[in-house]
Amino acid sequence: MIHARGLTKRFKVKKESVEAVRGIDLDVEAGQLVAFLGPNGAGKSTTLRMLTTLLPPTSGTATVAGHDVVTDPAGVRRRIGYVGQNNSAGENFLVRDELVHQGCSYGLTRSQARRRADEVLELLDLQLLAKRKPGTLSGGQRRRLDIAMGLIHLPPLLFLDEPSTGLDPQNRANIWEHVLRLREEYGTTLFLTTHYLEEADSMAERVVIIDHGEIIADGTAEQLKSELAGDHLAVTTHDEAGTRKAAEIAARIAEQGEVTVDGTVVRLRVARANAALPAYLRSVEESGVKVATAEATRPTLDDVFLALTGRSLRESEETA
């Protein structure tokens with residue numbers, strides 16, 4: 001559904017060339033739900049704009065939904081839907097009329113557009129709002145209308161740029177319920193960006209991370225967390241002598257020797273925390289050390305980014 005090779009984008013900034021995207025290779029198969037993550041300025045939005053024909057690449061190739069983004073951009077647009085961060089619907093038409101107008105702009109006949117409008121209104125639970133103007137809708141309702149606008153021509157591939165940004169947790173969950181229903185009912189391929197890492201972790205079957213214009217990680221959330229961040233154990237002892245012994249034992253089982261000591265707390269990285277914790281505690285107690293507290297934690301996608309780049313993705317988003 002998406003096949004890119006050596007995709008590059010350079011901009012001129014004050015007579016200097018800035019390479020925003022640096023030779024990306026990317027393949028997305030039909031039916032996948034892919035989360036595309038990266039801090040502001042990483043090349044995420046530029047890549048998305050090239051794949052959706054909003055921005056021509058400087059070099060490289062990309063075929064999206066069976067059409068070349070450079071030689072056949074119109075063919076790409078006919079086969080994709082795009083939901084940007086800003087609201088798509090205008091204010092001059094009622095909700096259903098807006099959808100019909102959008103369908104006609106994609107080449108549907110008026111009767112086809114009406115029928116399709118009714119289908120997406122039902123799919124996204126917007127039937128009761130069909131005769132209201134977009135400006136009267138709540139944030140969650142407005143976002144569902146944006147998705148309906150992107151789906152009106154039944155594209156096999158839908159790009160979603162921060163689909164739940166600015167929504168409260170209840171509306172975010174509601175948006176995701178409808179997004180997942182798209183896959184179930186239509187087999188739609190979904191390619192999305194989000195800065196809510198929990199969403200990407202729990203919803204996406206594949207996570208692609210970009211930084212400094214290059215893809216630095218690609219896999220399932222579980223794979224990336226296990227391989228790049230690992231589980232963590234934290235054990236607190238009663239005194240410094242006990243801490244030293246606990247740290248010595250930790251060094252023998254920790255992944256890549258990753259053991260840190262903070263006061264009387266020993267922290268270590270392991271492959272599988274649930275299996276490693278009981279064995280570690282037995283070894284510590286057999287050495288004569290009494291453990292005050294013990295904790296096993298699973299990594300997050302932010303831990304993955306921290307392991308890859310030395311900085312937090314969450315902090316990068318908040319401070320940008």
Side-chain angles (χ1 to χ4, degrees), residues 1-2 26-38 44 48 51-52 64-65 79-89 95 99 102-103 116-130 137-209 217-225 298 300-302 304 313 317:
M1 193 60 71
I2 299 174
L26 179 66
D27 292 293
V28 175
E29 301 306 321
Q32 286 190 328
L33 196 169
V34 179
F36 193 47
L37 306 181
K44 183 177 57 187
L48 201 66
L51 294 176
T52 55
V64 176
R79 299 275 291 162
I80 68 170
Y82 175 71
V83 179
Q85 295 185 29
N86 298 319
N87 292 324
S88 303
V95 165
L99 289 169
Q102 179 81 346
R116 184 64 188 145
D118 290 335
E119 290 174 0
V120 295
L121 286 170
E122 181 178 359
L123 176 69
L124 293 160
D125 290 338
L126 293 169
Q127 307 99 308
L128 299 179
L129 308 175
L137 305 182
S138 68
Q141 293 167 342
R142 188 76 186 247
R143 204 60 180 142
R144 297 207 311 272
L145 175 57
D146 292 334
I147 295 174
M149 297 278 286
L151 287 173
I152 191 66
H153 56 305
L154 198 59
L157 170 61
L158 181 64
F159 289 91
L160 297 160
D161 193 6
E162 307 282 1
S164 57
T165 294
L167 301 180
D168 59 54
Q170 182 177 350
N171 275 315
R172 287 211 308 271
N174 183 260
I175 286 293
W176 270 104
E177 178 184 339
H178 289 92
V179 166
L180 295 176
R181 192 188 302 170
L182 292 178
R183 297 188 72 205
E184 182 179 342
E185 296 195 12
Y186 294 105
T188 309
T189 304
L190 300 169
F191 190 88
L192 63 94
T193 68
T194 178
H195 68 268
Y196 294 113
L197 299 180
E198 298 82 2
E199 291 184 346
D201 198 340
S202 61
M203 304 297 182
E205 63 189 17
R206 180 176 164 202
V207 174
V208 178
I209 299 177
D218 185 351
T220 68
E222 285 303 311
Q223 285 173 338
L224 297 181
K225 288 187 292 183
R298 294 283 291 138
T300 66
L301 286 176
D302 199 41
V304 170
L313 177 60
E317 294 285 0

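Remember, predicted model here, so these are calculated numbers, not experimental data.
Residues that satisfy the ring pair (Phe, Tyr, Trp, His ring centres under 6.0 Å) test with F191, not counting sequence neighbours, are F36, F159. When the side-chain contact (heavy atoms from CB on, under 4.5 Å) test is applied to R206, the partners found at least two apart in sequence or on another chain are L26, V28, Q32, V34, V208, D218. For D161, the salt bridge (Lys or Arg N to Asp or Glu O under 4.0 Å) test picks out no residue, with sequence neighbours left out. H178 pairs by the ring pair (Phe, Tyr, Trp, His ring centres under 6.0 Å) definition with nothing, not counting sequence neighbours. Applying the side-chain contact (heavy atoms from CB on, under 4.5 Å) test to A217 and every residue at least two apart in sequence or in another chain returns I209, L224, L228, L308.
Heavy atoms only, all atoms of each residue included: P155 and T188 are closest at O-CG2, 4.0 Å. Closest of all the heavy-atom pairs between A130 and L121 is CB-CD1, 3.9 Å. Closest non-hydrogen pair, A148 versus V120, comes out as CB-CG2, 4.1 Å. Smallest separation of non-hydrogen atoms from P163 and T193: CD-O, 3.3 Å. Across every non-hydrogen atom of R116 and L154, the tightest pair is NH2-CD1, 3.0 Å. The two residues A30 and M1 have their closest heavy-atom pair at CB-CE, 4.0 Å.
Looking at heavy atoms from C-beta onward, L99 lies in side-chain contact with L145 at the 4.5 angstrom threshold. Using a 4.5 Å cut-off on side-chain heavy atoms (C-beta onward), L182 and L123 make contact. Counting heavy atoms from C-beta outward, R143 and V83 have side chains that approach closer than 4.5 Å.
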**OP:** Run the numbers on T300 and L197 for side chain to side chain contact (heavy atoms under 4.5 Å, CB included), then give the verdict.
**Re:** CA-CA 8 Å; T300 66; L197 299 180; 5.8 Å; no
Subject >> Test log, rule side chain to side chain contact (heavy atoms under 4.5 Å, CB included), inputs L137 and V95 >> reply: CA-CA 10 Å; L137 305 182; V95 165; 4.0 Å; yes
**OP:** Check the pair K225 / D201 against side chain to side chain contact (heavy atoms under 4.5 Å, CB included), numbers first and verdict last.
**Re:** CA-CA 10 Å; K225 288 187 292 183; D201 198 340; 3.0 Å; yes
**OP:** Dump the intermediate steps for side chain to side chain contact (heavy atoms under 4.5 Å, CB included) on L180 and L33, then the final yes or no.
**Re:** CA-CA 9 Å; L180 295 176; L33 196 169; 3.7 Å; yes
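Ion pair R181/E184 not flagged as a salt bridge, since none of the NZ, NE, NH1 or NH2 atoms sits closer than 4.0 Å to an Asp/Glu carboxylate oxygen.
Distance alone, capped at 3.5 Å, places no donor-acceptor pair between the R144 side chain and the I175 backbone.
The CG atom of L124 sits 10.5 Å away from atom CD of E177, with the distance rounded to the nearest 0.5 Å. Between atom CG of residue L301 and atom CD of residue E222 there is a gap of 9.0 Å, rounded to the nearest 0.5 Å. Of the inter-residue distances, the one linking L190 atom CG with E205 atom CD reads 9.0 Å to the nearest 0.5 angstrom. Considering CG of L157 and CD1 of I2, their distance stands at 5.0 Å, rounded to 0.5 Å.
Within the structure, every pair that satisfies the salt bridge (charged side-chain N to carboxylate O under 4.0 Å, His left out) test and touches residues 163-173, not counting sequence neighbours, is listed here: R172-E199.
Within 6.0 Å of CD on E185 lie more than 12 heavy atoms contributed by other residues, nucleotides or ligands.
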